[in-house]
Protein chains: 2
Amino acid sequence: MSPAEPAAPGSVRSGGRTARVRAAVLRAAGDQLAEHGFAALDLARVAAAAEVGKTTVYRRWRTPAGLITDLFIDMAEQSLPHADTGSLLGDLTANARLVTKTLTDPRQGKLFAAAIAAATCDDSAATALRHFFDTRLTEWSACVHAAVERGEAPAGTDPRAVLSAVSAPLYYRMLLSGDPLDDTAATMSAHAAVTAVSAGTFVRN
Amino acid sequence: MSPAEPAAPGSVRSGGRTARVRAAVLRAAGDQLAEHGFAALDLARVAAAAEVGKTTVYRRWRTPAGLITDLFIDMAEQSLPHADTGSLLGDLTANARLVTKTLTDPRQGKLFAAAIAAATCDDSAATALRHFFDTRLTEWSACVHAAVERGEAPAGTDPRAVLSAVSAPLYYRMLLSGDPLDDTAATMSAHAAVTAVSAGTFVRN
């Protein structure tokens with residue numbers, strides 16, 4: 001599924017002081033997560049880096065997992081809309097390229113790896129990650145629905161299964177095999193998914 | 001890619017005291033990893049659980065990452081040979097079912113999740129995991145080579161890309177989406193890969 005694009009450096013959402021504090025804290029948390037991983041995520045260090053009072057951070061986010069949860073809620077809120085290229089192959093290739101771009105981005109790639117690691121041993125981090133992927137899977141499901149309407153995909157095609165098939169091999173390369181995570185991998189995985197869609201592999205029984 | 005099957009409980013490789021010590025230590029390390037995750041992996045606790053001298057464990061494995069490294073070397077050594085059902089779909093379905101069985105096994109699933117988490121923040125754990133997946137990708141590549149010889153797959157089909165496409169969606173469900181990891185997911189992912197293979201999607205340029 002497609003992660004969010006990196007927010008523009010130093011971007012600050014409008015909405016007054018609370019929103020500015022949240023933006024600063026989440027950016028500092030994301031930086032620390034990307035740089036040192038979940039194990040080293042420290043609320044006091046985040047507060048210092050964000051130039052926000054320690055008590056504010058402890059009161060509002062409570063734990064490192066609380067920070068990751070809010071970080072991924074924020075990423076889900078900010079994440080990009082699905083592509084609409086007019087063809088399923090075009091849309092799924094755009095999805096695969098976005099995932100590849102995000103996972104190979106020095107900051108975002110490390111951030112996702114750290115969050116995935118956190119999710120394996122912390123339930124609230126896992127819930128936050130699931131929420132993020134749910135949001136993205138739902139957003140991009142529209143591409144599969146459109147393909148069904150265009151007659152490119154059989155009725156009953158499961159959008160989540162299709163989108164998982166597109167991005168899973170890219171995460172697999174980053175996390176497991178270490179095989180190259182490049183445009184060849186992205187286009188291959190979009191092509192494989194589209195071929196299987198046409199064959200009706202992803203139709204729900 | 002196909003993880004190893006769980007070793008039989010209490011299984012001990014022959015080969016004298018050194019081998020028995022290694023088996024006991026790796027089993028204790030695997031138990032702790034599965035139960036508490038990488039962050040809690042402690043050499044002294046492993047030594048106690050394995051009923052092996054602390055100094056032996058510190059001398060031979062040095063760090064938690066050293067234990068994970070040897071654990072995955074051992075799993076690669078013990079892992080099952082590839083299937084040989086006579087058809088690519090049969091072989092890839094067997095692979096997908098083995099991955100699913102392993103990832104849904106209470107002990108093995110947690111063990112893989114913990115090792116994947118460790119690999120995101122520890123280079124030697126990452127190297128150990130890559131070595132394990134290399135071994136399994138190489139072992140199961142024979143199924144794709146056989147399919148090329150039988151004319152089921154076009155010449156130049158990349159076995160690693162095919163096998164990654166089969167197991168990646170299963171790891172994705174476990175680590176990211178939380179979608180059901182069941183026989184439907186396994187057969188779907190084998191079918192999708194075979195369809196894409198026939199279409200030449202995985203042929204190296």
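Each chain gets a letter, A, B and so on, in the order the sequences are listed, and its residues count up from 1. Keep in mind the model is a prediction, meaning the values are calculated, not measured.
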Novice: In terms of heavy-atom pairs under 4.5 Å with chain B, which of A:Ser198, A:Ala40, A:Ala117, A:Ala115 leads?
Specialist: A:Ala117

Novice: Are there more than 12 heavy atoms of other residues, nucleotides or ligands under 6.0 Å from atom CZ of A:Arg62?
Specialist: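 Not buried by this count: 12 neighbours or fewer within 6.0 Å.
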
Novice: Decide side chain to side chain contact (heavy atoms under 4.5 Å, CB included) for B:Arg130 and A:Ser177; before the verdict, give the C-alpha distance in whole Å, the side-chain angles of both, and the deciding distance to 0.1 Å.
Specialist: CA-CA 6 Å; B:Arg130 303 269 177 281; A:Ser177 72; over 6 Å; no

Novice: Let me confirm one number: the OH-CZ distance from A:Tyr172 to B:Phe133, rounded to the nearest 0.5 Å.
Specialist: 5.0 Å

Novice: Enter the distance from B:Ser164:OG to A:Met188:CE here, rounded to the nearest 0.5 Å.
Specialist: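 Taking OG in B:Ser164 and CE in A:Met188, the distance rounds to 9.5 Å.
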
Novice: For each of B:Ser189, B:Ala193, B:Ala192, B:Pro169, tally heavy-atom pairs with chain A at distances under 4.5 Å, and name the one with the top tally.
Specialist: B:Ala192

Novice: Contact part of B:Leu176 toward chain A, heavy-atom cut-off under 4.5 Å: side chain, backbone, both or neither?
Specialist: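 Both backbone and side chain.
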
Novice: Heavy-atom cut-off 4.5 Å, strictly under: side chain, backbone, both or neither for A:Leu175 against chain B?
Specialist: both

Novice: Minimum heavy-atom separation for B:Ala113 and A:Thr120, please, with both atom names.
Specialist: O-CG2, 3.7 Å

